[in-house]
Amino acid sequence: KADPDDHLVAVLCSVSSGSRAAFAEFYDRTSPWACDLLMQMFGDQRVSDELARSVYREVWACAPEYKTENGSPTAWVIMIAHRRAIEKIRSRPRREALWSSQEASGSAEEAHACKDGFSWSTGDCRARRYLYQGYYCGWTQRQIAHRDGVTVTLVRSSIKSAVLTARASQQCSLM
């Protein structure tokens, strides 16, 4: 049975030759994945669309550099989209002051529920902050631990706790 990504490799090869029709097909087949990722990360259609355009400009420009040994074409596009999203997030002003003011005022629950789309009814603020810093800001667990003066084990277990809380919250909302 043929792998759908095998066809995309051929399409991407045509894109690298400058075929606009191949690029349109490549976009049609991969954009749902990339655009969904961007929308999940930002929750803002305007920002997601802007980044998607940037992603596919890069695909058009870098198609000749694509190598199958580095992953499937779909994974390649998703990787570009994720990298672009992280760059966008990192280009924003740092949010340490926002985090500390939310924690001090007790309004962190509402802010997190709005910002990341999850309803965080349980779990501590530090776990959510570590999850946010690790995934959305792209910090390593070691960087987070060093910044907060805690152990990597504490950061790792806090992130795991936040992920489990988010999963449980989403499953409850689906029922």
Side-chain angles (χ1 to χ4, degrees), residues 3-5 30-52 54-55 58-59 66-175:
D3 183 4
D5 274 331
T30 60
S31 65
W33 297 98
C35 294
D36 185 51
L37 171 71
L38 295 170
M39 191 61 186
Q40 285 180 18
M41 290 183 76
F42 290 96
D44 182 335
Q45 191 66 49
R46 186 187 56 76
V47 173
S48 299
D49 289 347
E50 171 192 325
L51 284 172
S54 172
V55 166
E58 184 172 342
V59 166
Y66 169 76
K67 294 179 177 56
T68 56
E69 58 269 8
N70 292 338
S72 71
T74 305
W76 181 60
V77 170
I78 291 170
M79 185 257 329
I80 293 171
H82 187 262
R83 189 183 70 237
R84 289 287 175 150
I86 295 298
E87 288 169 358
K88 175 91 171 162
I89 290 167
R90 286 181 176 167
S91 71
R92 293 179 179 170
R94 290 288 180 205
R95 295 193 169 100
E96 280 75 24
L98 174 64
W99 283 105
S100 59
S101 68
Q102 287 172 346
E103 289 172 9
S105 70
S107 64
E109 293 294 333
E110 296 82 35
H112 291 292
C114 294
K115 182 173 15 183
D116 58 22
F118 293 114
S119 173
W120 296 94
S121 57
T122 60
D124 73 327
C125 198
R126 177 172 39 192
R128 291 190 305 269
R129 187 177 72 233
Y130 290 166
L131 177 63
Y132 182 85
Q133 291 169 341
Y135 187 75
Y136 291 108
C137 298
W139 296 357
T140 65
Q141 292 173 356
R142 189 178 312 271
Q143 289 170 324
I144 296 167
H146 178 74
R147 182 187 154 275
D148 277 12
V150 297
T151 65
V152 174
T153 305
L154 175 66
V155 171
R156 187 175 298 124
S157 65
S158 295
I159 290 173
K160 184 176 180 179
S161 171
V163 168
L164 293 173
T165 301
R167 282 185 186 157
S169 173
Q170 276 197 323
Q171 288 182 357
C172 288
S173 67
L174 294 175
M175 294 181 177

Taking every non-hydrogen atom, the tightest pair across Ala34 and Val77: CB-CG1, 3.8 Å
Val155/Arg142 under side-chain contact (heavy atoms from CB on, under 4.5 Å): CA gap, chis, key distance, verdict: CA-CA 8 Å; Val155 171; Arg142 189 178 312 271; over 6 Å; no
Looking only at non-hydrogen atoms, find the nearest pair between Ala127 and Ser158 and report the distance. CB-O, 3.3 Å
Any heavy-atom pair between the side chains of Met41 and Ile86 that's under 4.5 Å? yes
Measuring only between side-chain heavy atoms, which start at C-beta, is Gln143 closer than 4.5 Å to Gln133? no
Decide side-chain contact (heavy atoms from CB on, under 4.5 Å) for Glu87 and Arg83; before the verdict, give the C-alpha distance in whole Å, the side-chain angles of both, and the deciding distance to 0.1 Å. CA-CA 6 Å; Glu87 288 169 358; Arg83 189 183 70 237; 3.7 Å; yes
Among residues at least two apart in sequence or on other chains, which ones pass side chain to side chain donor-acceptor pair (under 3.5 Å) with Asp148? Arg129, Tyr130
Minimum-distance pair of heavy atoms, taken over all atoms of Ala85 and Leu51: CA-CD1, 4.2 Å
Between the side chain of Ser161 and the main-chain N/O of Ser157, is any donor-acceptor distance below 3.5 Å? no
Mind checking salt bridge (Lys or Arg N to Asp or Glu O under 4.0 Å) for Asp36 and listing every partner two or more places apart, or none if nothing turns up? none
Between Val59 and Tyr66, is the side-chain contact (heavy atoms from CB on, under 4.5 Å) condition met? List the steps. CA-CA 9 Å; Val59 166; Tyr66 169 76; over 6 Å; no
To the nearest 0.5 angstrom, please state how far the CH2 atom of Trp139 sits from the CZ atom of Arg147. 4.5 Å
Please report the closest heavy-atom contact between Ile78 and Leu37, naming both atoms and the distance. O-CD2, 3.8 Å
